[in-house]
Amino acid sequence: MLYVNGEGNAEAVKEAFSSFGSLTVSGKLTVMIQVGGVEAGDAYLPEGGGRYMLSEEGFFRLTSTEYISNIESPGRLSEFVEFSKAQTKYDRAALLFVGSLPLKVSEIATALSSEELDFIGFNGPFSCAVEDIYALSPASDYLIADASPLLTLWDYPSLFSLLDGSSSLVTPSIAKEISSDLLQNELYFASGYSPLVFCADMTRAGEANLAAEELFSHLQRELLAGNLPDVSRARLHAGEGDYARISDLCFYINNEDGEKLTEEAEDLLAYGPGVLPLSLYFPFFSENVSAHEKFLTSYYSLTRPEAASKPWYNTVLAESYAGRSLSYDMTALRLWYQEEGTMPLPSLREMKSGF
C-alpha cells in the first residue's frame, strides 16, 4: 500500500505514476495507492488525487469520486488500509508513506492501532526518533526510512519487481535493496552523500524508548542541579531543530544513561547504514511560543520561581549558554510531544534573527 502526498513534490509523483502504467506484476503482488496533494489535470491524476490499483490485471484508477478526499484525515488512512486488505488475499502487508507526512505520527498510530503489518515505510521526511518508532510499534513488525538530508523517490519499479519475485524476502533485506537502488540515483551520485536507509525492529522499540526516558530523567536532574551549560553544550552538538542525534547527544553527555541509550538504539536496528541514524525529540528552538513558555515556566517554577513569569524570549536570552537555551522540564516536554506530535521549525539562523 502506498499513501502518497504530492504536495511540494508533484512532478516526481507524476513521473512515478507515468511509470506504473507500463509495469506488470504477477498474482503474488497487489499494490493499492491513495494519492493527494497534486493539482488536477495530469493524464494519470485527472482529478488531482484518488485511488489506484496495480495487479496482474494492470494499473488502473478506481473511478468512484468517494476516493477523492483529503489525505490529512486519519479516518481516510484507516479506511484506505481496510479497503486495500479486502481487495486480495495476502500473506504479508506493508504501508509506505510517500512524500511529506500529511498526518502526525500520533494520528498514524491511532489510525493503524488494529493493524498487523509487516513493515511501515517512510519515503520522505521522517523524524527517525525513537519516540515515533515506539509509537508505531504496535502496528508493524518493522519500520524502514531514510535519515539522509537528500530525499528522493525510491525506485518503485525495482521495489515492486523485488517483492513480486520473492514474497518470502525478509524485511531487513528489503531495506538493503532500497538503499542499493538509491546509490544509483543521480541525486546521491552527484552530491557525494550516501543514503541512510535503516530498518528498525519494532519488537526492540520498547527497550529503546525506556532508555530514552531514563536519559531524560537524568537530564532533568542535571537541570534542577543547575548544570544548564553542560546540558546545553551536549544538545548544541546534536543538531539544530526538533530532533537531537542520539550518537552525538550521548557522546557529549558521557554517562551510563547515554551509553545505555546508544546500545539500545543500535540494537533497535535490524539493518543500518553503518552510522546510528536515530534521534530523540529534544527541540533546540521552536516557533511554538506557547509550548516553549510551558516548558520554561515549568522549569523555572522548580528552580527560580521569581523568573517563572518572565516572557519566554527574555528568559532564553538571560539564561542561555552561548546564546542558546534548553531550559526545559524534560518530563513536561516528552508528555507534550506524545500528546501533540511534531511541528515544523524555523532554522537556527531564522530564529536568531527574530530576536
Side-chain angles (χ1 to χ4, degrees), residues 126-134 145 147-149 194 196 198 200-201 204-286 292 295-296 298-300 302-304 315-338 342 345 347-348 351-352:
F126 180 64
S127 68
C128 304
V130 165
E131 296 94 333
D132 285 343
I133 295 173
Y134 175 66
S148 170
S194 295
L196 295 177
F198 67 90
D201 178 354
R204 299 287 307 171
E207 288 84 352
N209 190 65
L210 179 60
E213 291 179 354
E214 291 173 349
L215 176 65
F216 272 92
S217 294
H218 165 80
L219 293 178
Q220 183 169 335
R221 291 194 298 271
E222 289 293 301
L223 288 175
L224 294 178
N227 295 334
L228 173 61
D230 291 339
V231 177
S232 291
R233 186 182 299 111
R235 179 60 186 87
L236 170 63
H237 287 285
E240 299 177 11
D242 264 358
Y243 298 95
R245 295 184 297 269
I246 288 176
S247 55
D248 293 327
L249 181 67
C250 292
F251 176 82
Y252 284 97
I253 288 174
N254 190 27
N255 65 13
E256 292 183 359
D257 291 317
E259 292 176 1
K260 177 65 173 176
L261 175 57
T262 300
E263 292 175 2
E264 293 294 349
E266 290 173 345
D267 289 344
L268 178 58
L269 298 181
Y271 168 79
V275 297
L276 186 60
L278 304 181
S279 62
L280 291 177
Y281 181 72
F282 192 168
F284 204 59
F285 281 109
S286 172
H292 270 248
F295 301 151
L296 292 169
S298 179
Y299 171 65
Y300 282 107
L302 295 172
T303 58
R304 290 184 55 196
T315 306
V316 166
L317 292 177
E319 302 297 329
S320 64
Y321 172 75
R324 302 170 175 86
S325 178
L326 298 167
S327 307
Y328 303 147
D329 175 345
M330 298 300 160
T331 301
L333 185 151
R334 287 179 63 81
L335 288 174
W336 176 84
Y337 178 70
Q338 291 169 6
T342 60
L345 291 175
S347 68
L348 175 60
M351 200 66 194
K352 291 178 71 175

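Counting from 1, the numbers follow the sequence of the chain as shown.
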Looking only at heavy atoms, which two atoms of [X] and [Y] are closest? And how far apart?
X	Y	value
Cys128	Ala147	SG-CB, 3.7 Å
Phe282	Arg235	O-NE, 2.7 Å
Ala145	Phe126	CB-CD2, 3.9 Å

Practice task
Kindly state each residue pair satisfying salt bridge (charged side-chain N to carboxylate O under 4.0 Å, His left out) with at least one member in residues 266-275, sequence neighbours excluded.
Solution key: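 For residues 266-275, and leaving out neighbouring residues, the salt bridge (charged side-chain N to carboxylate O under 4.0 Å, His left out) pairs sorted by first residue read Arg204-Asp267.
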Practice task
Verify whether the ring centers belonging to Tyr243 and Tyr281 lie closer than 6.0 Å.
Solution key: yes
Practice task
Could you list the residues that satisfy side-chain hydrogen bond (donor to acceptor under 3.5 Å, both in side chains) with Glu207, not counting sequence neighbours?
Solution key: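 With sequence neighbours excluded, Glu207 shows a side-chain hydrogen bond (donor to acceptor under 3.5 Å, both in side chains) to no residue whatsoever.
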Practice task
Kindly say whether Ser279 contributes a backbone atom to a donor-acceptor pair with the side chain of Ser127 at under 3.5 angstrom?
Solution key: no
Exercise for the section: Count the heavy atoms belonging to other residues, nucleotides or ligands that lie under 6.0 Å from OH of Tyr134, then report whether that count exceeds 12. Expected result: no
Completion exercise
d(Leu269 CG, Leu276 CG) to nearest 0.5 Å is 6.0 Å
Determine all donor-acceptor pairs shorter than 3.5 Å in which one atom belongs to a side chain in residues 245-255; sequence neighbours excluded.
from	atom 1	to	atom 2	distance (Å)
Arg245	NE	Asp248	OD2	2.5
Arg245	NH2	His237	O	3.2
Arg245	NH2	Asp248	OD2	2.9
Asn255	OD1	Asp257	N	3.1
Asn255	OD1	Gly258	N	2.7
Asn255	ND2	His218	ND1	3.4
Asn255	ND2	His218	NE2	2.6

Practice task
For Tyr271, enumerate each residue passing the ring pair (Phe, Tyr, Trp, His ring centres under 6.0 Å) test, keeping only those at least two apart in sequence or located in another chain.
Solution key: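 Residues passing ring pair (Phe, Tyr, Trp, His ring centres under 6.0 Å) with Tyr271: none at all.
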Exercise for the section: For Ala208, enumerate each residue passing the side-chain contact (heavy atoms from CB on, under 4.5 Å) test, keeping only those at least two apart in sequence or located in another chain. Expected result: Val130, Glu264, Leu268
